[in-house]
J.: 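Mind having a look at this structure? Questions to follow.
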Amino acid sequence: MKKSLIALAVMAAAGAASAQSSVTLFGIVDATLAWGKGSTGDRFQVTNSGYNSSRLGFRGTEDLGGGMSASFWLEAGVTNDDGRGAATNTNNQATGGAVAGIGGGQGLTFNRRSTVSLAGGFGEIRLGRDYTPQFWNLTVFDPFGTVGVGTTQTLNSIITGATAVRASNSIGYFLPRMGGLYGQVQMYLGENAQNGAATEKDGNGWGLRLGYAAGPLNVAFATSKTKYAAGDVKQANLGGQYDFGMAKLQAHLTRDENGAVDGAGWLIGGLIPVGAGEVRVAFSQYETDAGAGPDPKSRRIALGYVHNLSKRTAVYTTYARVRNSNGAAAALNGATTAANSSSSGFDIGVRHSF
Amino acid sequence: MKKSLIALAVMAAAGAASAQSSVTLFGIVDATLAWGKGSTGDRFQVTNSGYNSSRLGFRGTEDLGGGMSASFWLEAGVTNDDGRGAATNTNNQATGGAVAGIGGGQGLTFNRRSTVSLAGGFGEIRLGRDYTPQFWNLTVFDPFGTVGVGTTQTLNSIITGATAVRASNSIGYFLPRMGGLYGQVQMYLGENAQNGAATEKDGNGWGLRLGYAAGPLNVAFATSKTKYAAGDVKQANLGGQYDFGMAKLQAHLTRDENGAVDGAGWLIGGLIPVGAGEVRVAFSQYETDAGAGPDPKSRRIALGYVHNLSKRTAVYTTYARVRNSNGAAAALNGATTAANSSSSGFDIGVRHSF
Amino acid sequence: MKKSLIALAVMAAAGAASAQSSVTLFGIVDATLAWGKGSTGDRFQVTNSGYNSSRLGFRGTEDLGGGMSASFWLEAGVTNDDGRGAATNTNNQATGGAVAGIGGGQGLTFNRRSTVSLAGGFGEIRLGRDYTPQFWNLTVFDPFGTVGVGTTQTLNSIITGATAVRASNSIGYFLPRMGGLYGQVQMYLGENAQNGAATEKDGNGWGLRLGYAAGPLNVAFATSKTKYAAGDVKQANLGGQYDFGMAKLQAHLTRDENGAVDGAGWLIGGLIPVGAGEVRVAFSQYETDAGAGPDPKSRRIALGYVHNLSKRTAVYTTYARVRNSNGAAAALNGATTAANSSSSGFDIGVRHSF
């Protein structure tokens with residue numbers, strides 16, 4: 001929750017010299033009771049991150065003078081229903097994930113973000129593990145922020161690779177503020193030995209995002225490509241939001257390629273303020289050309305309500321239902337469902353940030 | 001060490017709006033030289049947690065007004081002799097533990113506690129990973145607090161399952177203060193797919209604890225049941241303490257079932273303040289009906305002394321000896337001993353909290 | 001970066017009683033673009049710790065009165081290019097490392113240091129995981145501090161065991177300040193069962209370091225022995241520095257034994273202040289008697305420049321080249337090279353401490 005940061009009051013104690021400095025400790029603990037129903041298996045869980053992703057982080061910024069600054073950001077995912085951390089990926093490839101069966105041994109990693117930056121009038125250069133440009137439109141223009149049972153169906157895509165949401169070993173550049181224009185480019189590395197092997201470029205890639213925000217309007221476009229010998233992964237998406245005051249309308253479109261398989265999807269939804277709370281609604285669809293027959297397609301409708309007890313603490317609930325056709329079998333909240341059957345899910349929880 | 005919390009002075013910096021907030025960083029680093037002797041193998045270790053369990057934690061409470069509050073608690077075990085964290089368990093089942101051989105790769109998890117709470121006049125609702133109600137009487141009414149070589153023999157029980165001490169995926173309710181009465185109930189989930197498999201309820205369970213504390217007296221009762229297709233696990237225990245001023249007398253009784261095997265044990269002991277220190281003594285026993293012959297039985301006697309250098313720092317030493325009969329082979333401090341042989345252990349260490 | 005500590009302003013809130021206390025949160029995030037070239041494979045990485053080792057730590061000291069103090073230090077390595085932690089070693093043996101293939105699942109451990117200390121006029125007693133005495137001369141008297149592509153070739157030695165840099169389960173003693181004299185001894189344990197097995201003492205060892213620093217001069221000697229049934233590991237080294245004002249001259253010598261294999265090496269180099277920056281240069285060599293033929297030998301030359309943007313933030317670059325002879329095949333920055341071929345590496349990065 002970027003809205004509720006805590007800046008620790010700090011005093012520097014550095015040998016002879018003394019200088020003012022700061023580090024911010026921040027986090028979210030979001031616990032969720034989650035029910036999932038499907039034709040072949042239901043599930044009931046005390047889980048996490050039904051409204052905002054649970055996390056623990058450390059960050060800070062140093063003013064270097066002359067308009068320059070240096071900053072760091074270390075942010076770990078926290079599976080607060082059972083106390084685990086979350087795995088990261090070392091090389092933007094399947095081989096870079098966690099050992100199989102790590103179970104309750106999964107410790108904290110800064111899987112969500114782990115960066116150091118230099119910024120100034122030229123913009124910002126950022127090194128490390130960060131979100132990919134191709135992810136932002138899916139989450140910023142999803143009323144459910146790609147979290148919980150209401151998550152846009154477009155995230156449940158054919159892009160299952162390591163760089164759909166974040167990439168390691170990345171070099172990013174962010175434009176400085178120029179009116180309403182914003183943008184970023186990112187290059188990331190698979191870091192394989194360059195020895196002529198067919199897979200030597202696996203996990204190398206780039207992403208680009210450009211947007212414009214002014215008054216009630218915010219629109220952005222992104223595209224990306226990640227190399228794999230088994231077939232390159234490409235994403236392109238477009239998203240937007242218009243704030244009518246009494247409601248925010250949000251929508252996005254996405255087109256994906258994963259080797260020979262294509263996928264496409266869209267979302268339309270909105271956010272409606274109601275007193276100290278907010279109603280959230282979204283309708284999304286994703287279809288692929290996998291298989292020989294008609295294109296498997298899944299449609300999700302989601303309706304939710306968030307009630308803010310304070311700026312830091314909220315209770316929330318979400319209901320969602322996914323309908324499958326042409327062989328698709330998407331299911332919600334850990335349920336399983338047969339091809340062409342439906343699945344539904346229900347979240348109720350509490351989000352506390354610090 | 002709840003007695004030496006550190007509240008960080010914090011200032012909120014939250015965009016336009018600004019609000020006061022707080023997070024507490026706390027921990028214990030307890031290092032122990034530990035000797036163990038047994039008939040088939042001795043061991044000498046620089047280990048940890050001889051007096052209090054080593055840990056690093058983050059917690060905070062937000063006043064929501066109207067007598068309501070929200071709070072979080074993230075607490076990680078720390079193996080400070082070698083720098084590891086400690087594994088948690090994801091599903092209250094054997095399958096939810098760490099991958100075998102994780103060794104020096106075991107990172108920090110919030111295995112000790114990972115919760116978010118809403119509290120008010122109605123009491124407290126707590127979600128996440130927490131101590132089970134059935135554990136408290138064994139540790140609160142053990143002069144050695146189930147830590148170090150003096151730990152009550154009743155903890156070394158047939159209840160080796162994942163919920164003997166803590167449970168993940170839990171929903172807890174704590175009574176508000178009502179005179180001397182206190183109590184809690186907890187339900188926890190194995191989170192298996194509900195698909196008709198025999199094990200679909202494995203790891204589901206509940207616990208209940210009720211107690212009364214007034215003046216020098218504190219007594220409590222607890223009971224629990226955790227479901228497993230291989231045989232349910234049930235615990236019941238009763239404990240109490242009476243503070244005579246010159247000494248605290250402590251005792252507890254426990255009866256366990258693990259499928260077809262029954263176990264039972266008891267402890268009697270006490271704490272005697274001596275200047276800036278405290279003498280600790282306990283005599284405990286546990287016996288089971290495992291096997292065809294007479295019931296294997298282990299008796300432990302433990303004697304220790306803690307010397308407080310300050311509220312935060314103490315040095316301590318403990319000697320314990322366990323005697324086995326009817327085929328039991330309990331051993332102390334990493335030693336191994338033959339059936340019906342004895343084992344002894346000795347701890348000396350320093351506990352520093354922050 | 002010990003030069004840029006951050007002492008958190010803290011207020012104790014301990015039930016009825018209240019006392020002042022402190023904990024320091026500190027760290028380094030150092031990101032590096034690293035190129036490596038070799039005859040059989042090149043590599044390009046966004047990696048970490050090209051200038052200083054990335055880390056996140058917590059530490060504090062409590063004044064116990066009467067010249068006594070207690071302190072703790074928990075410091076985790078951070079692989080900030082991808083967000084991982086780093087594994088520790090539990091028992092100073094190969095078996096105590098991380099499970100194979102832990103990949104992106106490697107969580108934070110306090111692998112760098114995890115200690116609790118009591119100190120006073122007598123010196124300091126320190127328990128836990130710490131640097132070994134035998135490591136210090138190699139890093140203190142290396143212009144590149146054993147970090148990045150310029151790291152002394154003497155660290156790339158036959159001493160690949162678990163105690164070359166740090167040891168777990170250690171008991172250390174540090175001399176109090178006595179004029180220019182300084183020193184430490186350390187004992188560490190493998191913690192195997194003492195049951196007569198040939199390997200029961202594996203991982204047990206000790207190290208000793210004695211030095212003298214006065215005015216521009218600093219010299220130190222260290223020696224160590226770690227027991228393994230497969231062959232004991234012994235190290236001895238000598239290092240020194242002389243500060244001429246316009247430059248610091250550094251040199252060290254090392255002799256190692258790993259069972260039947262001997263190794264020896266040396267470094268000569270220096271640090272030259274240039275305005276807000278520093279030029280670093282080193283020439284180092286290591287040779288072993290492994291194999292039947294002439295002794296494999298590797299020589300590295302390294303040249304670097306660090307530019308300080310502030311006390312906390314620096315940009316840096318290093319070039320190094322290693323030449324191999326008599327069958328050696330040392331390579332830099334993840335490159336691979338054939339026996340007797342050269343390898344070169346180049347780092348450019350930013351180091352931010354907090």
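What you see below is based on every heavy atom in this structure, not just the backbone, and it leaves out hydrogens, waters and symmetry mates. Numbered from 1 within each chain, the chains take letters A, B, ... in sequence-line order.
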J.: Please check this pair: side chain of Asn80(B) against backbone of Val29(B), looking for a donor-acceptor N/O pair closer than 3.5 Å.
T.: no

J.: Are the aromatic ring centres of Tyr188(B) and Trp206(B) under 6.0 angstrom apart?
T.: no

J.: Between Asp42(A), Val99(A), Thr109(A), which has the largest tally of heavy atom pairs under 4.5 Å with chain B?
T.: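 Most heavy-atom pairs within the cutoff with chain B belong to Asp42(A).
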
J.: Looking at Asn204(B), Leu118(B), Asp130(B), which has the largest count of heavy-atom pairs under 4.5 Å with chain A?
T.: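 Greatest number of close heavy-atom pairs with chain A: Leu118(B).
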
J.: Side chain, backbone, both or neither: which part of Thr95(B) has a non-hydrogen atom closer than 4.5 Å to chain A?
T.: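 Looking at Thr95(B), nothing touches chain A.
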
J.: If you compare all heavy atoms of Ala164(B) against all heavy atoms of Gln134(B), which two are closest, and at what distance to 0.1 Å?
T.: O-CG, 4.5 Å

J.: Tell me which of these, Ala76(B), Gly128(B), Ala167(B), has more heavy-atom pairs under 4.5 Å with chain A than the rest.
T.: Gly128(B)

J.: Between Thr151(A) (side chain) and Gly148(A) (backbone), is there a donor-acceptor pair under 3.5 Å?
T.: yes

J.: Using a cut-off of under 4.5 Å for heavy-atom pairs, which of Gly104(A), Gly38(A), Ser54(A) has the most such pairs with chain B?
T.: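 Ranked by contacts with chain B, first place is Gly104(A).
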
J.: Taking the side chain from Arg43(A) and the backbone from Glu191(B), do they hold a donor-acceptor pair closer than 3.5 Å?
T.: yes

J.: Based on non-hydrogen pairs under 4.5 Å, which of Thr336(A), Leu56(A), Asp30(A), Thr40(A) is most in contact with chain B?
T.: Leu56(A)

J.: Which one, Ala335(A), Ser310(A), Gly349(A), leads in non-hydrogen pairs under 4.5 Å with chain B?
T.: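 Heavy-atom pair counts peak at Ser310(A).
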
J.: Under 4.5 Å from any heavy atom of chain B, what part of Ala34(A) do you find: side chain, backbone, both or neither?
T.: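 For Ala34(A), neither part sits under 4.5 Å from chain B.
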
J.: Verify whether the ring centers belonging to Phe26(A) and Trp73(A) lie closer than 6.0 Å.
T.: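 Yes, the ring of Phe26(A) comes within the 6.0 Å limit of the ring of Trp73(A), centre to centre.
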
J.: Under a 4.5 Å heavy-atom cut-off, does chain A meet the side chain of Asn192(B), its backbone, both or neither?
T.: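 Just the backbone, heavy atoms under 4.5 Å.
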
J.: Does the Ser117(A) side chain pair with the main chain of Ala70(A), one donor and one acceptor, at a distance under 3.5 Å?
T.: no

J.: Between Gly101(A), Gly41(A), Gly334(A), which has the largest tally of heavy atom pairs under 4.5 Å with chain B?
T.: Gly101(A)

J.: Would you say the rings of Phe346(A) and Tyr319(A) are close, in the sense that their centroids are separated by under 6.0 Å?
T.: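 Tyr319(A) vs Phe346(A): aromatic centres not under 6.0 Å.
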
J.: Tell me, out of Gly107(B), Gly97(B), Ala87(B), Gly65(B), who's got the most heavy-atom pairs with chain A below 4.5 Å.
T.: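 Max contact count across the listed options: Gly97(B).
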
